[in-house]
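Just follow the structure's listing: the first ligand is 1, and inside any ligand the first atom is 1. In this chain, residues are counted from 1 in sequence order. Computed from a predicted structure; not experimentally measured.
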Amino acid sequence: MRISVIGSGYVGLVAATCFAEIGHDVLCVDNDREKIAILDQGGSLIHEDCLQELLSRHHHSRLVFSTSVEDAVRESQAIFITVGTPSASNGAADLSYVESVARTIAKCAEGYKVVVEKSTVPVYTSEWIERAMIQNGRHAGEFDVVSNPEFLREGTAVTDFLYPDRIVVGAKTKRAACVMREIYAPLIDGSYAEQSSAVPPPEGARSVPLYLQTCPQSAELIKHASNAFLALKISFINAVANICESVGADIAEVSEGIGSDSRIGPDFLRSGIGYGGSCFPKDVAAFRAVAQDFGCEFPLLDEVRKINEEQRQRFLSKVKAALWTLKGKRLAVLGLAFKGGTDDIRESPAIEIVKSLLEQGCKVTAFDPAAMDRAVEVLADSVTFANDVYTAAEGAEALLILTDWKEFANLDLQRLRKALKYPIILDGRNLYKLSDMEKAGFNYYSIGRRPLEVSHSFLRNSRVIAG
Ligand code: UGA
């Protein structure tokens, strides 16, 4: 089928590339000429597993980039809207880009079109798109609006798209529902996975996804409610972690105990410095605003956000408690991205913590395997960037782990100990077992577990003693 995807951000670029991968002819559009020029030259704008490989595979054949929404609309049967829905000042989603695209589609559409909202939007957005289309010259029956939320995680977006748990389609007519089924057919019937060139499925992937056909409002709510529930799980476990610290329990044991109940499940029960990224903070606020708009208070969501913000402050207090004073202290920071596996620093707890430490007079040397180019844009020269973990640690008075990169979970602890001025680690992601840190002789502070404090005579490193 000929499909266009309007908006080449995270969701748009991944969706466009994966639609091409499952056999469709795709036109991916953005009004940012610079972005389109980079994509058209075979470059990628985001750090995402398998994406570059698929872009190279389909670029100039089934996948074409353009700045013309008009061409895209004229040539396609289904038009996916994947433009940004940033937060307005009251937390509600700003839908002006969605509206503007809907108007353009209305003005240049010829023949029947399915307009698919894939951006994360509040309930009733599909109704508004429909109204905007009619106000701008389309007649009922010439088009349908469908809600088809996306559940991609950054870092695993390509395999999340190709091997989803569920595909949710909120459609009001049979005609639109049939078009959507046809688009997703290779995933629904498992035929994509059987192709020899298919991207291999991740461990534990479903052989075929649940295909859930709903009314548009349900589809829209499923997306907001899913993200809000995942954020709630994280805030819940972080609150439990804080209790663990007070009573001397261990959050690793508690999480395992809770998560092994199949009704709860083990995922999203990792405690740390709180959730970040372009989705959870924005979507929790937007869902809260939507509920309020419809007369439903949802104070639980305020608590979710509050616990999340306090989690960073608690970590900063731990740094202070471990180091006594902060002014002038040189700290090594591992991780700037909002989570491991991505170069995205939007709403990153790591960046917020680094900014607070700088405000309190610390000198920070940071390393991140992928996010340093982006971090320079917000931290500029207030931070020294190192080329690897051990260079960052050299001479630092403590090491802070702020992002759960896999690479940070298997460090050479003896080498690290030699590089640091004092053997002090503050781990905001609980990447290490207490027993390993104890054996390696570190003062180790993590989340929801007892602090490890070797006696003060051991606190000085051998190099300090030698010096
Ligand atoms: C999230 C959802 O997981 C996707 O399903 C959804 O499609 C996406 O938002 C979106 O709306 O576009 P993403 O933001 O890429 O995906 O990242 P997650 O893996 O969900 O992590 C979000 C944050 O929660 C990160 O800061 C991560 O470090 C933190 N987290 C996650 C925890 O602190 N603990 C956990 O147990 C899991």
Could you list the donor-acceptor pairs under 3.5 angstrom formed by side chains in residues 286-296, with sequence neighbours left out?
unit_1, atom_1, unit_2, atom_2, d
Arg288, NE, Asp302, OD1, 2.8
Arg288, NE, Asp302, OD2, 3.0
Arg288, NH1, Glu297, OE1, 3.4
Arg288, NH2, Glu297, OE1, 3.4
Arg288, NH2, Asp302, OD2, 2.9

For ligand 1, protein residues within the heavy-atom limit of under 4.0 Å are Glu150, Phe151, Leu152, Arg153, Glu154, Lys223, Asn227, Ile234, Phe268, Leu269, Arg270, Tyr275, Gly276, Cys279, Phe280, Asp283, Phe338, Lys339, Arg429
**Asked** Going by atom types alone, do Arg181 and Tyr211 pair a side-chain donor with an acceptor below 3.5 Å?
**Response** no
Check your understanding: Do Ser126 and Glu220 have side-chain N/O donor and acceptor atoms under 3.5 Å apart?
Key -> yes
Does this structure show an ion pair linking Arg131 with Glu127, if we count only N-O contacts that are shorter than 4.0 Å?
no
Ala375 and Ile351 have their tightest heavy-atom pair at CB-CD1, 4.2 Å
Worksheet item: Between Phe367 and Tyr390, is the gap from one ring center to the other below 6.0 Å?
Response: no
